[in-house]
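Notes to accompany the following structure.
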Amino acid sequence: MGIRLLGPVELRLGTGAPTTVGGAQRRAVLALLALELNRTVAVERLVELLWDDEPPAHPKAALQGHIAALRKTLTGWPFELTTRSPGYHLTGDPAAVDALAAEELAARAAGTDDDATAAALLEQALRLWQGAALADLPSTALSAALARRLDGTRTELLTAWAQRLLRLRRGFAAVPALEQAVAADGLREPVVALLVRCLHQSGRTSAALDAYHRARACLAEELGVSPGRELQQALSDVLTDEQPDEQPTPAPSAPSAVSDQLPAPPRGFVGREAEERWLDAQCGPDRTGDGLAVVVGPAGVGKTATVVRWAHRAAPGFPDGRLFVDLRGFDPAGPADPAHALGRFLRALGVPEPAIPEDRPARAALFREQTRTRRMLVVLDNACSADDVADLLPAGPGCAAVVTSRNSLEELVVADGAAMLQVDVLPDADAHRLLELRLTAERVAAEPDAARRLVELCDRLPLALRIAAARLTARPGWQLADLVAELADERTRLSTLATPDGSIGVHSALTLTHRHLASDARNLLPLLAPHPGIEVDLYAAAALLRTGTEATRLALGSLAAHHLLTETAPGRFARHDLVRLYGAELFAELPAAHQRDAFHRLVDYELLAAGAAIRRLNPYHKPFRPPGTEHLALPRLTDARATLAWCHAEEPVLRALVTVAADRGEYDRAWRLARATATLYYGAGRVHDRLSCLRVGLHAARQSGDREGLAAMEAATACALGSSGRVAEALPLAGQAVERTTPDDGDLHIHALSVRASMTALTGDQAGADRLSDAALALIRRTGLREHAATVLSNAAALKVALGAPAAALDLARETRDLLSAQPTSNAYMWAMVNEAFALHALDDPHGAELAWREALHLCRSSGNVRLHALACRHFAEFLASLGRSIEAADHLRTAAELYTAQGDGQLAQNLDRLLSRNPASPQPLEAT
């Protein structure tokens, strides 16, 4: 009696009669608990299993109902279902769960050398399947993943069983099951290879060849790849009429000595302990991996040194020899010929010269034959493509191969099941150790700040650090600071990080990589130079490349595959400084008109993207569209949180481009981009960055002579100054914005009036502020203009509260909410909720006020608006304190302090504890947006 998962999920008595478990979701809960038998399953994982990311309103309650019903169903069965933090725990005998019993049988089979015993155990395990595993569960991502896991187990059992039968010369017995598996999924090459071998052993050679060709066509059509080594070898065995259970043909002659072609171990090597442990696991003598590894990384990062050092340490585990070849994948003279490399390998293995075939395929076949029963290590260094190494991989299960490349060689991972290791620059500590080894610890310790800066300027790249250390070693009279001063000049840094003849250096290494790129990737690298950010996104790159996102994605992927960029998140790519400087050198070689055009495309894209982001926060915003940008693709900003996340990631780029544009005399683009950042900065916090960006934009607007632009920047800068508590500086700017505009300027004049009203209120002149606010409101109602209507209404509500007119404030706040009912996570809507809470409190409705506060907090959290979230927490704490709920108030004050600290407003965060002593019955006017 037990739980059946390998087919429909059910409980079965010892007689085989099933007990119904009602409901697909209840069966899913039972299945997951059974697969994790004797282990606790978290509530969150069960919720994910049942509802993916769309749970009902009360998922825990619904889950508890299923658990209670299962406990009742399991009464009298040899299982106990208990509640155990953080979820639920099913206890029982693993042998009573068919999936776990199958795993135990597989483990017993793997532990015996007796093929007959193993085949019987594996066949017993396979008979436990009664159809597709977990066949009747609800369709969720997790249930599908669990089913795939069990399907993978079944495939492993099938292949192990077929292999044992082949050795017993009973391959015919596995043919029906293998044919069924291949019909279900013709892309599983190991299963197809076994089918080919079993058919051949059964005397059905024609059927074996048909199976191979069907699989080849399927792989080409579905994946665009050729058959891998295992399937190709199965075909070769059929064509040469070799039975898989026979020993390979003996070598023409045995090698007289163990061949060891490894280069000398690298000197002055530091770090990479984790990488060597990974190589041990994948390719070492006691490995758990498949024995094929690809080690990739940028030029100069130390891939070869790491692999060669590891190979010397692992050499005793490969008594039949160690082969090495530099494939020169990025050499200006061209790559090495794999046929020549095969000739070298065969000679090292003792094959006489006359016995070495002329053509590459025949050499490859002989190499596979020679390595099938050996225990050898093959290191294939500096490969450019998967084709370079395809014929150089050893065939025997006792062999291992490690490939290094600047390219990612994903084809080897897909087609041959290689494991991939990305080697990055050195950690700080290891980079300092490398300097100490080359320069002596005493010399480095004498100038700790200079040493730290030297490591930074070399990007922690081993090649750059070794060259820098060599320059200092050759100049004993130099201080580290002298070389730091030389490297600090970005114009000459790359040429400094090279040997005197220039043959070895960062620049030459990057040049060799750049030459091997496809045309779009080769063109894109210099075009990224005017982009000032640490990261560039897909859409900005598409604007620079003047092509669609799909072509740009391929170009960025190629740069990342060659380790000139690093994909930090989907669609976002970072550059190391040395790569950035190399790209800038290439950019400087372009005609001046092309450079100017690239900068314009970048700024215009950011203007367009920022405008789209503002529309997400203010649906009435009228974005400026630069001419000629109709074709540009923009990021998908689905809601306020995604918008603010984009703003946070893109903020350094926007701020830097404002400064660069102003410095280049592109004043119109500079002030327009600065103006676009004003709203985005407020939602994302970062008050000080906001102010510095707007000051540059204000200067640019003055230089441009654009009256409307200057008024807009005066109003925006006044807001930022007021938010920073610098009201004395803000008020004159706000006044100038009003005086510079007239009612005929529409929304611009309305916004200027509202900003001046808020700044006036911050001086304590509530009556004057109210008059200005009423003037702005009157214009809105008379003209029907809507771009700044919600902000004006919300700020007016705050002023009415401060003036002691809470009823009027409540009306204005609710009018704001009605205006923005379709966009409750917009800035003005959340402000309106805050103002509504203030008004209700002043109207002696604490219950209504608390509901409004909690709604405001919920909206701020869900939108990701950290500035409003901090402010709402701060004032809600005051509200709670006024009700005597000091413990709750303190919790919200702590949250506010953390949020203000995250925005860089540490002083306000430190002073928040004083707010509890302030009388919250007289709220202060809120800052302007």
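In this chain, numbering begins with 1 at the start of the sequence shown.
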Is the side chain of [X] donor-acceptor paired with the backbone N or O of [Y] at a distance under 3.5 Å, no angle test?
X: Q261; Y: L323; answer: no
X: H340; Y: A336; answer: no
X: K303; Y: G297; answer: yes
X: D639; Y: R641; answer: yes
X: D52; Y: A141; answer: yes
X: R493; Y: L487; answer: yes
X: D459; Y: L578; answer: yes
X: H562; Y: L564; answer: no
X: R360; Y: D337; answer: no
X: R601; Y: L544; answer: yes

Would you call [X] and [Y] a salt bridge, using N to O less than 4.0 angstrom?
X: D391; Y: R363; value: no
X: R433; Y: D430; value: yes
X: D597; Y: R546; value: yes
X: R313; Y: D280; value: yes
X: R491; Y: E585; value: no
X: R188; Y: D151; value: yes
X: E456; Y: R452; value: no
X: R229; Y: E189; value: no

Above 12 or not: heavy atoms from other molecules or residues under 6.0 Å from [atom1] of [X]?
X: L586; atom1: CG; value: yes
X: E567; atom1: CD; value: yes
X: D290; atom1: CG; value: no

Working to the nearest 0.5 angstrom, can you tell me the gap between [X] [atom1] and [Y] [atom2]?
X: F573; Y: L538; atom1: CZ; atom2: CG; value: 7.0 Å
X: T288; Y: Q282; atom1: OG1; atom2: CD; value: 6.0 Å
X: L673; Y: L657; atom1: CG; atom2: CG; value: 6.0 Å

Among residues at least two apart in sequence or on other chains, which ones pass side chain to side chain contact (heavy atoms under 4.5 Å, CB included) with [X]?
X: T492; answer: D489, S495, T496
X: H312; answer: L262, P265, V308
X: A390; answer: none

Checklist line | Stepwise salt bridge (Lys or Arg N to Asp or Glu O under 4.0 Å) check, R580 with D577 | finding: CA-CA 5 Å; R580 178 182 59 81; D577 262 0; 3.3 Å; yes

Check: Taking atom types as modelled, is there a side-chain donor on T568 or E535 under 3.5 Å from an acceptor on the other?
Finding: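 Yes.
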
Next item on the list: Decide whether T511 and Y582 meet the rule of one side-chain donor and one side-chain acceptor closer than 3.5 Å.
Entry: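 Yes, because at least one side-chain N or O of T511 sits under 3.5 Å from a partner of the opposite role on Y582.
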
Item checked: Working for salt bridge (Lys or Arg N to Asp or Glu O under 4.0 Å), residues E650 and R572 -> CA-CA 10 Å; E650 207 69 7; R572 296 196 72 85; 3.1 Å; yes

Item checked: Aromatic plane relationship, F367 with F345 - under 30° parallel, 30 to 60° tilted, over 60° perpendicular ->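 The arrangement is tilted - the two ring planes meet at 30° to 60°.
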
